[in-house]
Novice: 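Dumping the structure here so I can ask a few things about it.
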Amino acid sequence: VVVDPGAAHLYWTEDAVYPRRVRRLDRTDDSIATLAAGRLVNRPRAIAVAAEAGLLFWAETLSGRLRRATVAGADLADIGAGGYGIDDRD
């Protein structure tokens, strides 16, 4: 779980249910949004937010990927693979 107090948002991953998800709670109106789910998410765990950059990061334990998306759930991308480091392969 990670909090972005400036935007009044709480982010978390859901690994114990299917589809696995990355979600956001808007604390101003208690609405919950799914930012990524299903085949896009593979055993999500640790999560972090870079609020000033508008980015959300999480690790996926089964695939070993590090993922990034905007705090709105757009522009999903892999930023690391094969473990929890930056992928520097050519």
Novice: When hydrophobic residues are tied together by side-chain contacts of less than 4.5 Å, even through go-betweens, does Val2 share a cluster with Val41?
Specialist: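 The answer is yes; both residues are in one hydrophobic cluster.
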Novice: Not counting sequence neighbours, which residues clear side-chain contact (heavy atoms from CB on, under 4.5 Å) with Ala8? List them please.
Specialist: Arg27, Thr28
Novice: I'd like to check the salt bridge (Lys or Arg N to Asp or Glu O under 4.0 Å) partners of Asp15; sequence neighbours left out, ordered by chain and number.
Specialist: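 Asp15: salt bridge (Lys or Arg N to Asp or Glu O under 4.0 Å) contacts with Arg20, Arg43, Arg45.
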Novice: Would a single hydrophobic cluster contain both Val22 and Leu40, if residues Ile, Leu, Val, Met, Phe, Trp and Tyr are joined by side-chain heavy-atom contacts under 4.5 Å?
Specialist: yes
Novice: Using the rule side-chain contact (heavy atoms from CB on, under 4.5 Å), only one of Leu35, Val1, Val3 pairs with Tyr11; which is it?
Specialist: Leu35
Novice: Which pairs, with at least one residue in residues 4-14 and sequence neighbours excluded, count as a salt bridge (charged side-chain N to carboxylate O under 4.0 Å, His left out)?
Specialist: Glu14-Arg21, Glu14-Arg23
Novice: Closest approach of Leu56 and Ala48, non-hydrogen atoms and distance?
Specialist: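 Shortest heavy-atom separation between Leu56 and Ala48 comes out as CD1-O, 3.4 Å.
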Novice: Do Val49 and Ile47 belong to the same hydrophobic cluster, where Ile, Leu, Val, Met, Phe, Trp and Tyr are linked whenever their side-chain heavy atoms lie under 4.5 Å apart, directly or via other members?
Specialist: yes
Novice: Holding to side chain to side chain donor-acceptor pair (under 3.5 Å), I want the full list of residues that pass it with Asp29, two or more places apart in sequence or in another chain.
Specialist: Ser31
Novice: Residues two or more places apart in sequence or in another chain: which of them pass side-chain contact (heavy atoms from CB on, under 4.5 Å) with Ala53?
Specialist: Ala50, Leu55
Novice: List the atom pairs, donor and acceptor, that lie under 3.5 Å between side-chain atoms in residues 71-79 and the rest of the protein, sequence neighbours left out.
Specialist:
residue, atom, partner, partner atom, Å
Asp78, OD1, Arg67, NE, 2.4
Asp78, OD1, Arg67, NH2, 3.3

Novice: Can you tell me how far CG of Asn42 sits from CG of Leu62, rounded to the nearest 0.5 angstrom?
Specialist: 4.5 Å
Novice: Give me the atom names and distance for the closest heavy-atom approach of Pro44 to Trp58.
Specialist: CB-CD1, 4.0 Å
Novice: Testing the basics here: between Ala37 and Thr34, what is the closest heavy-atom pair and its distance to 0.1 Å?
Specialist: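 Closest approach of Ala37 to Thr34: CB-CG2, 3.7 Å.
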